[in-house]
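Following: one structure in structure tokens, then a few remarks.
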Amino acid sequence: MIRGIVRFLDERTGSAPFLRKTLRYLFPDHWSFLLGEVALYAFVVLVATGIYLTLFYEDSTATVIYHGGYAPLQGHEMTHAYRSVLDLSTNVKAGLLIRQTHHWAANVFVAAIVLHMLRIFFTGAYRKPRELTYWIGLTMLIVSLLEGYLGYSLADDLLSGMGLAIGYSVAMSIPFIGGNLASLIWDGPFPGSHAFFPRMYIVHVLVIPLLLATLLTVHLVLVALKHHTQFRGERESERKLVGVPTFPGQAPRSLGLLAATAAVLFLLGGLVQINPIWLWGPFHTYSATNGAQPDWYLGWLIGALRIVPGFDLTIGSYTLVPNPFWGGALLPLAFFGFLYLWPFIERSFLTHDYGYHNLLDRPRDAPWRTAIGMAVLTEVFLVFLAGSADRVDVFFGLPYVPQVWAYRVLVFVGPVIAALLGYGACVELQRGERVDRERKRAERLARGEA
């Protein structure tokens, strides 16, 4: 059947050489390489469900009195945007299922990219000649964080309103350009003009999805051109690629993963509640609460805003750098800047290795890389935990202020401890392997073997 299809296409397009090469393309036979595919398939679900949601969403901030089917909000003033999402969740057939599936897909999309990037970092897959592929993947992560932030901001509930207020404050805090930048984005002082929501809507449903689709396409093309990296083994080498072909090996497996990913996302959308906007209520500039938390992938930014001491950099009576800048803008800039520069940092200061690499390192084989990665990961995780300090106070009774001070200490001590433990574990694992090899060699010599 496959030969017949290829013959049919070749007779009409002359594409047999390309199809033959595509069908024989080899994929590494390791589960960790499927994390990128999970991200791709979550993006497909995001686009499919997002198209459905656009048919019912209204991007207007004009106010209306609610008289819909959700009794607790009867008679409340709200925007058309919030009412449309509320009606979508309560009245539209399959509306709540699709909305929650869309939200879960966004979470899984970001989680899969993060896990994929962790594998790339700790195995050294970003090394020459794949730096560009690495940078494009890192850019996709940043763009997906922005896309997720805009997505749940469109609901105009109390959670999204508070998130936009925080975003406005961070934008305003950027030295020299912050005021003009915030005014440009919001088209005036917060909460912005009536044009802000339609612009945000267009960016969320058109501009960023097209950008993500472009980045994904370029990323996949570069992967195909340079081929996948592979773990070191008995048959694998820098010049020899070992794996399973596109067909009949990888294609059925990949299609099964697509079906499984979509099934799990729809099960989550139907069975596990996420972002119940009817509980948060509509946003008003005079109301706020600690009960609504952002999605997990923005928790580390909230934590950074919490643990930075309350000070502004001033010159006389002029505030040069407002407080929100340190945690809301400087920390993410420093974090992602470090990740972008890391291939150069490692090559120039640690390994002095300028060669081509098709084989991956095990984390234990690069102790310094593993130690630095553990330090950065611990730093981000501790800042992420700091974002939950208010919820810990409510649920477990731990006072908020002592928690914040504890995190202020831990963000300096924790990464150092993690780096030392990571480096020590790598060295010990290497030593254990050497001892094991020497023991096996001694046993072979005792049996008279070479």
Hey, does Leu377 have a side-chain heavy atom less than 4.5 Å from the side chain of Leu118? yes

I'd like to check the ring-ring contact (aromatic ring centres under 6.0 Å, His included) partners of Tyr66; sequence neighbours left out, ordered by chain and number. none

Identify whether the distance between the nearest side-chain nitrogen and carboxylate oxygen of Asp390 and Arg306 falls below 4.0 Å. yes

Test item: Leu34 and Leu257 side chains (from C-beta on) under 4.5 Å apart, heavy atoms: yes

Please name all residues satisfying side chain to side chain contact (heavy atoms under 4.5 Å, CB included) with Leu211, sequence neighbours left out, ordered by chain then number. Val143, Leu215

Should we say atom NE2 of His194 is surrounded by more than 12 heavy atoms from elsewhere, each under 6.0 Å from it? no

Compute whether any side-chain donor of one residue and acceptor of the other, for Thr123 and Arg362, lie under 3.5 angstrom apart. no

Given Gln230, which of Leu360, Asp29, Leu359, Leu26 fulfils the side chain to side chain contact (heavy atoms under 4.5 Å, CB included) condition? Leu359

Can you tell me which residue pairs pass the ring-ring contact (aromatic ring centres under 6.0 Å, His included) test with a partner in residues 360-405, sequence neighbours excluded? Trp368-Tyr423

Side-chain touch Leu268/Gln100, heavy atoms, less than 4.5 angstrom: no

Exercise: do Thr139 and Tyr340 side chains pair donor with acceptor under 3.5 Å: yes

Testing the 3.5 Å rule here: is there a donor-acceptor pair between the side chains of Asp157 and Trp278? no

Looking at Tyr354, I want to see if its OH is surrounded by more than 12 non-hydrogen atoms of other residues, nucleotides or ligands under 6.0 Å. yes

Is the distance between the ring centroids of Trp135 and Tyr126 under 6.0 Å? no

Looking at side-chain heavy atoms only, is the closest gap between Glu77 and Pro282 below 4.5 Å? no

Salt bridge check, Arg347 against Glu131: does any charged N sit closer than 4.0 Å to a carboxylate O? yes

Enclosure of Tyr356 OH (heavy-atom neighbours >12, cutoff 6.0 Å): no

Taking the six-membered ring for Trp, are His227 and Tyr25 ring centroids under 6.0 Å apart? yes

For residues His357 and Thr229, determine if any side-chain heavy atom of one lies less than 4.5 Å from a side-chain heavy atom of the other. no

Assess, by modelled atom type and distance only, whether the side chains of Asp156 and Thr79 contain a donor and an acceptor separated by less than 3.5 Å. yes

Could you list the residues that satisfy salt bridge (Lys or Arg N to Asp or Glu O under 4.0 Å) with Arg119, not counting sequence neighbours? none

All pairs passing ring-ring contact (aromatic ring centres under 6.0 Å, His included) where residues 150-170 contributes a residue, at least two apart: Tyr168-Trp186, Tyr168-Phe190

Is the closest side-chain donor-acceptor distance between Asn358 and Arg130 under 3.5 Å? yes

Would you please indicate yes or no on a ring centroid separation below 6.0 angstrom for Phe33 and Phe27? no

Classify the ring geometry of Phe231 against His30: parallel below 30°, tilted from 30° to 60°, perpendicular beyond 60°. tilted

Electrostatic pair Arg369:Asp361 at N-O distance under 4.0 angstrom: yes

Working to the nearest 0.5 Å, report the span between CD1 of Ile166 and CG of Leu305. 6.5 Å

Other residues, nucleotides and ligands only: do more than 12 of their heavy atoms fall within 6.0 Å of CZ on Phe344? no

Any side-chain donor near an acceptor of the partner, Tyr41 and Ser254, under 3.5 Å: yes

CA sep, side-chain torsions, deciding dist, call: Thr370, Arg364, side-chain hydrogen bond (donor to acceptor under 3.5 Å, both in side chains): CA-CA 7 Å; Thr370 301; Arg364 70 182 67 178; over 6 Å; no

Looking at Lys128 and Asp353, is any side-chain nitrogen of the basic one under 4.0 Å from a carboxylate oxygen of the acidic one? no

Suppose we call two aromatic rings close when their centres sit under 6.0 Å apart. Are Trp342 and Tyr134 close by that rule? no

With side chains defined as the heavy atoms from C-beta onward, is the minimum distance between Val376 and Phe338 less than 4.5 Å? yes

With a 4.5 Å limit on heavy-atom distance, are the side chains of Leu145 and Phe336 in contact? yes

So which pairs with a foot in residues 71-107 pass ring-ring contact (aromatic ring centres under 6.0 Å, His included), sequence neighbours left out? none

Take atom CZ of Phe56 as the centre, draw a 6.0 Å sphere, and report whether it contains more than 12 heavy atoms from other residues, nucleotides or ligands. yes

Could you tell me whether Arg127 and Glu346 make a salt bridge, using a distance below 4.0 angstrom between a side-chain N and a carboxylate O? no

